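One structure is given below, encoded as structure tokens.
Every value quoted in this text rests on a predicted model; they were computed, and no experiment measured them. Below, each value reflects all heavy atoms present in this structure, side chains not excepted, and no hydrogens, waters or symmetry copies. In listed order, ligands and their atoms are each counted from 1.
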Amino acid sequence: MTNPFKLLGISDDVVNAVKDLGFENPTPIQEQAIPVLLEGNNDFVGLAQTGTGKTAAFGLPLLELIDFKSNKPQALILCPTRELCLQITSDIKNFSKNISGANVVAVYGGANIMQQLREIRNGVQIVVATPGRMLDIIGRKAIDFTNVKYVVLDEADEMLNMGFQEDINDILSTTPDDKKTWLFSATMPPEVRRIAKNYMDSPTELTMGTKNTGNVNIEHEYYVVRARDKYAALKRIVDFNPEIFAVVFCKTKMDTQDVAEHLIKDGYNADALHGDLSQQQRDKVMQRFRDRHMQLLIATDVAARGIDVNNVTHVINYSLPDEIESYTHRSGRTGRAGKTGISICIINSKEIGKIRQIERIIGKQFTKAELPTGFDVCEKQLFSLVHKVHNVEVNDNQIDQYIPRIMDEFAELSKEDVIKRFASLEFNRFLEYYKNAPDLNASADDRGERGERGERGERGPRRSSDGYTRLFINLGSVDDFTRGDLLSFVCNNGKIAGKNVGKIDLKGVYSFFEVEDASVDALFNNFKDIQFNNRGVRIEKSGDPAESRSGGGGRARSYSGGGGDRRSSGGGRREGGRREGGNGGGGFRDFSGRSREDRGGRSSGGNGGDRRRRS
Ligand code: AMP
């Protein structure tokens with residue numbers, strides 16, 4: 001039988017390479033996109049989620065269209081993050097392993113530029129790049145794009161979210177006018193539409209699934225809990241799914257670290273991934289997650305961009321994202337490569353409206369799920385253990401020598417007694433922990449409940465209120481700041497307490513925040529000669545009425561419920577007392593002995609991509 005990739009028009013060398021990767025049949029996007037792209041004379045827009053086989057959908061046709069006898073760059077692939085850049089490069093190297101003379105280079109920030117320049121000088125046909133570093137290399141006149149025939153913009157929506165629009169313009173202006181542009185995006189906001197309109201000539205459009213629709217393999221669930229019970233709810237969900245392998249999303253770096261630390265302390269195999277970690281630390285965390293030495297990866301949206309780990313069983317939204325579109329990206333971390341996955345939101349009753357908004361945008365309904373009772377969890381864990389005992393691989397060579405002594409020890413017990421005792425070893429621990437476990441599902445009476453305080457933290461009024469002064473600061477989301485980051489930056493440098501800071505209105509290159517009138521002088525006195533990324537940081541009293549007006553109705557703000565919930569609502573709380581040891585579920589190692597220093601201090605390196613910072 002002819003190989004299905006060959007039927008699509010892929011040559012033997014490449015077909016053999018993908019066969020070696022275990023690709024037997026093309027994914028739907030490959031089936032549809034490959035024949036169109038192979039024609040090589042069309043611009044192209046593909047609306048596709050991550051994990052659908054997108055890289056091969058454009059990578060395989062590229063390999064057919066490139067002249068590998070020439071050593072000049074003929075294809076440029078731009079993508080938002082370092083992780084994705086490395087992933088695409090590795091995939092294309094694998095696809096092209098049988099093509100002699102094929103050279104692919106990865107160009108991304110945070111790595112030695114000299115090595116990248118050397119590889120470019122030696123001759124490459126395919127450049128995979130993040131925009132900032134690419135522009136740097138173009139600025140050094142170290143690359144010649146006059147022979148580029150194809151430009152791929154991968155995860156275009158993410159690149160725009162991350163503020164790369166101008167960089168992309170600048171890069172594309174160095175490529176020939178008659179090149180073909182292939183754009184892939186998980187969502188199609190107006191800005192991406194605009195790119196398609198500005199840079200493309202009657203592109204062929206392919207939509208995998210409905211527009212803005214999440215992956216069909218993903219089920220969406222939400223749990224309603226009191227805000228103060230969020231952490232306990234997270235643990236219960238994890239305990240009820242002993243084989244869970246999940247990414248847990250938090251809104252701020254502080255929450256991410258906080259939740260991860262509590263989970264580690266409580267014996268779970270978890271770690272944090274956020275922009276305060278150095279690149280090396282992030283690589284280490286990711287490697288452990290990829291190798292499945294870790295069960296729960298707690299991450300911010302930015303840090304988790306481009307994560308390509310297969311077999312993630314659950315995505316847990318510990319806090320809902322500010323931008324609804326981020327939900328699609330978050331949930332796309334599961335249900336990859338044809339697998340199924342569950343995307344869970346842990347919300348309080350005031351956030352149900354946001355769930356409805358997400359439903360409208362992704363075109364899928366959420367199921368309202370009930371948190372299992374303590375008894376349900378115990379039962380689930382017990383049978384998971386029984387199943388594991390049944391399936392465990394027995395190493396006869398090693399264990400045989402101990403069997404006589406073990407039999408001796410159990411001589412007086414019946415088979416049933418022995419089984420009971422083994423099962424109880426694990427079961428007792430869960431029973432003990434869950435014996436008085438409360439019902440965590442919030443009732444209708446909890447609407448507007450005091451948990452709202454825990455959700456937002458305790459730092460003052462939500463409105464631009466009396467007794468507060470509104471201040472301008474020349475830092476914002478392009479500096480990788482979340483509201484929580486801005487709050488700590490202002491408090492640390494201005495030496496004022498978090499509770500004296502009111503509403504935070506995070507913008508792109510600047511932001512506004514409120515400070516209690518009584519603390520304003522102290523803030524200005526302390527906030528002197530402050531630098532961020534070699535740039536002077538400025539705060540001023542905001543007197544711009546236009547800005548004050550616009551501060552009230554921003555989409556992100558109204559969605560986020562007003563910013564900066566810096567405190568983990570679950571932080572420090574335990575459900576029914578502290579557990580000893582691990583979570584009993586997956587037999588994963590307990591890393592709780594790991595020191596905090598391991599994860600280290602702040603790096604200005606930021607988000608895993610090479611976002612350029614502008615002021
Ligand atoms: P991507 O969307 O390109 O990130 O691909 C997601 C995952 O699916 C990657 O791990 C690929 O290796 C895998 N994959 C891509 N195409 C196929 C295929 N035709 N058959 C099996 N796995 C695939």
Mode of Gln30 contact toward ligand 1 - side chain, backbone, both, neither (heavy atoms, under 4.0 Å)
side chain

Residue Thr27 vicinity, atoms of ligand 1 by number, heavy atom under 4.0 Å:
16 (N), 17 (C), 18 (C), 19 (N)

Considering Gly53, Gly59, Ser90 one by one, which has a heavy atom nearer to atom 2 (O) of ligand 1 than any of the others?
Gly53

Which ligand 1 atoms, with their elements, are less than 4.0 angstrom from a heavy-atom of Phe5?
19 (N)

Do ligand 1 and Glu24 have nitrogen or oxygen atoms that lie under 3.5 Å from each other?
no

Looking at Lys72 and Asp144, is there a salt bridge between them, counting it only when a charged N and a carboxylate O are closer than 4.0 Å?
no

Pick out which of Thr175, Thr181, Asp177 makes a side-chain hydrogen bond (donor to acceptor under 3.5 Å, both in side chains) with Lys179.
Thr175

Distance filter under 4.0 Å to Asn25 heavy atoms, resulting ligand 1 atoms
18 (C), 19 (N), 20 (N)

Electrostatic pair Asp67:Lys149 at N-O distance under 4.0 angstrom
no

Need the ligand 1 atom indices (1-based, order shown) with element for anything under 4.0 Å from a heavy-atom of Thr55.
1 (P), 3 (O), 4 (O)

Taking the six-membered ring for Trp, are Tyr327 and Tyr222 closer than 6.0 Å centroid to centroid?
no

Could you tell me whether Asp271 and Lys284 make a salt bridge, using a distance below 4.0 angstrom between a side-chain N and a carboxylate O?
no

Decide whether the shortest distance between a heavy atom of Asp91 and an atom of ligand 1 is less than 4.0 Å.
no

Between Lys368 and Glu359, is there a salt bridge with N-O shorter than 4.0 Å?
no

